[in-house]
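Remember, predicted model here, so these are calculated numbers, not experimental data. Side chains are part of it too, since the values below use all heavy atoms of this structure and drop only hydrogens, waters and symmetry mates. Along the sequence shown, residues are numbered consecutively beginning with 1.
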Amino acid sequence: MRSPVLFLFLTIIHVHTFGQNFKGKLLNKTDSTALAFAAIKLTETGKYATTDEKGEFTFSIPESQSLLHLEISYVGCKTSTTIVPNAKTINTIYVACAPSTLNEIVIEGLTAKEIVKRALANIPKNYSDSSYASPSFYRQYQKINGKFRNLIEAQTVVMFNLSTSNDQLLAKESFATEQLRRSKYYPIEQFDRDNISDLMNKNPIYHLTGSSLDPNALEFYLFSFDTSASANNYIINYKCFNFTSENHGITNYATAGIDPEGRESGKLTIDKNSFAIIKFERKALRNKGYNYPKYNNFVLPDRKFTQEFVEGHLLAEYEIINNKWYLKTMVHSYTNEFFRTQTYEKAYTITDCFEWHANTVTRYINKELINKFYFNPDLFNEKYSYNNAQWELLIPPYYYFDKQAVYKDLGTLVPIEQQFETNGK
């Protein structure tokens, strides 16, 4: 199997002059089972953390802090507790929250939040729970300091390998490339890029935990009905001022503890009959007053640059086929700024764009493709033979920018068709 593309990482170096690490572990008071993926707010600092599979979490607290107040949100439960921290061990915290599924008793006169919760509870019955393939079109490109660079387009088959766990649908996507073309590659320092597998991980239906629709995070959102709702659909807006799930190319974002760097708002379109999520859109912005904790936003491995988030956007749309909903379109973009470590001079502003469109849904795979599926396809380096005639099919339009503007920048020195042919060799 090909090696996965390397990504940006953040490193956290604990600053002893600031305080100490408080390590905790949440257990259910009833049966001592771990409360995994619970959301926790530390009242003293306003910081947030999420427990891992073992129920463990970490906060950085001042040395002088002798009492901690924790606000805990778990599926079907919201509570608070006060503890005396012990920095020398993992602090076990027993919480009276019984593990529960997303299914709830629904009453008439639902609030906006209750509608969203019901939509999440209905995911297993509204979306396909048996594996399928989706022949599709994929595009990614960058805008670097105002110029478009590094275009990749692929006609690819996405295999959604589906399973069920704790009443949630889970997917492990794999990819087979049928046709591929690339523009000339302009490497930018040691910065790496996300790819199609990272984009598919943003699908909140099959990757619910850690997404903006994670049930454990909803208690920190403000929901409201949108006035553009129709007779068939609810349209619900949400806002979250305290954190964002936009990881903007950082693979260890969930554990880096920097999610308060941004805030987000979004909109959900939900079918009134089935409570299926038809469309999900999220916008994230940097909190201007946010300062990264010392040493934790270096770009590894060389630490020549620090990275700061600017903004991000995500859109996922679904279509119904034979009474089940399937992913139809997903687009994602984010902008980061990079500063030179020694001088704090801004060196780059980079916007990464990813656009995916499904052509159809099938459970039949061409035998020529069966052995060509990869979990982490290397579209940056994969060899291909370019034939313009194979690209005369209907190509989806650009979502984020104008095609002519992109092609103008890409073809400044070498015609774009010549680049497509040359870069496959």
Side-chain angles (χ1 to χ4, degrees), residues 5 7 133-144 147-160 171 173-183 185-186 192-207 211-212 246-249 266-267 269 278-284 310-319 326-336 350-361 376-380 382 384 390-411 416 419-420 423:
V5 180
F7 306 102
S134 184
S136 57
F137 177 87
Y138 172 71
R139 174 191 295 127
Q140 70 176 92
Y141 54 103
Q142 293 179 300
K143 191 175 187 181
I144 304 171
K147 297 292 184 180
F148 293 104
R149 295 285 186 265
N150 303 330
L151 171 67
I152 297 176
E153 292 183 322
Q155 298 171 37
T156 182
V157 178
V158 180
M159 175 67 74
F160 292 85
E173 296 87 356
S174 56
F175 311 87
T177 304
E178 293 187 297
Q179 300 294 331
L180 181 65
R181 63 183 185 183
R182 295 187 296 261
S183 68
Y185 180 62
Y186 290 85
D192 296 301
R193 303 170 65 189
D194 280 354
N195 62 19
I196 187 172
S197 61
D198 300 290
L199 178 63
M200 287 297 113
N201 284 332
K202 302 296 186 297
N203 179 4
I205 298 303
Y206 292 138
H207 299 275
S211 75
S212 294
E246 171 59 68
N247 67 357
H248 53 98
K267 180 178 294 188
T269 302
I278 300 173
K279 181 178 178 180
F280 168 71
E281 185 170 17
R282 180 201 70 198
K283 296 180 180 179
V310 178
E311 62 182 358
H313 174 262
L314 176 68
L315 171 68
E317 294 184 275
Y318 305 86
E319 66 174 347
Y326 296 84
L327 183 65
K328 176 64 177 177
T329 298
M330 191 155 64
V331 297
H332 183 216
S333 73
Y334 53 80
T335 301
N336 294 310
I350 302 179
T351 298
D352 284 87
C353 300
F354 311 86
E355 303 172 4
W356 181 87
H357 304 272
N359 297 328
T360 186
V361 168
N376 294 289
D378 189 1
L379 300 182
F380 307 100
E382 184 175 326
Y384 64 88
Q390 294 173 325
W391 290 85
E392 291 179 353
L393 73 167
L394 182 63
I395 301 296
Y398 279 68
Y399 182 87
Y400 286 109
F401 295 98
D402 179 70
K403 176 183 177 180
Q404 299 306 317
V406 175
Y407 271 40
K408 180 180 178 181
D409 285 350
L410 294 177
I416 188 65
Q419 295 180 47
F420 287 155
N423 291 321

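- Here the closest heavy-atom approach between residue Pro377 and residue Phe175 is recorded as CD-CD1, 3.5 Å.
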Practice task
Mind running side-chain contact (heavy atoms from CB on, under 4.5 Å) on Tyr138 and Phe354 for me, showing each step along the way?
Solution key: CA-CA 8 Å; Tyr138 172 71; Phe354 311 86; 3.4 Å; yes
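- Close placement of the Tyr141 and Tyr398 rings is indicated, their centers lying within 6.0 Å of each other.
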Exercise for the section: Determine, step by step, whether Leu199 and Gln140 satisfy the side-chain contact (heavy atoms from CB on, under 4.5 Å) criterion, reporting the C-alpha distance in whole Å, the side-chain angles of both residues, the deciding distance to 0.1 Å, and the verdict. Expected result: CA-CA 10 Å; Leu199 178 63; Gln140 70 176 92; over 6 Å; no
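- Formation of a donor-acceptor pair under 3.5 Å by the Gln419 side chain with backbone atoms of Leu410 is found in this model.
- Arg182 places a side-chain N or O within 3.5 Å of a backbone atom of Asn423 that can act as its donor or acceptor partner.
- With 3.5 Å as the limit, one finds a donor-acceptor pair spanning the side chains of Asn203 and Tyr318.
- Partners of Arg139 according to the side chain to side chain donor-acceptor pair (under 3.5 Å) rule, which considers only residues two or more places apart in sequence or in another chain, are Glu153, Glu355.
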Exercise for the section: Tell me, with the steps shown, if Phe160 and Tyr326 meet ring-ring contact (aromatic ring centres under 6.0 Å, His included). Expected result: CA-CA 10 Å; Phe160 292 85; Tyr326 296 84; 8.6 Å; no
Exercise for the section: Take His313 and Glu246, measure what side-chain hydrogen bond (donor to acceptor under 3.5 Å, both in side chains) needs, and give me the verdict at the end. Expected result: CA-CA 8 Å; His313 174 262; Glu246 171 59 68; over 6 Å; no
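- The structure places CG of Asp409 at 11.5 Å from CD of Gln404, a figure rounded to the nearest 0.5 Å.
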Problem - Verdict with reasoning, Leu379 to Leu180, per side-chain contact (heavy atoms from CB on, under 4.5 Å) - result: CA-CA 8 Å; Leu379 300 182; Leu180 181 65; 4.1 Å; yes
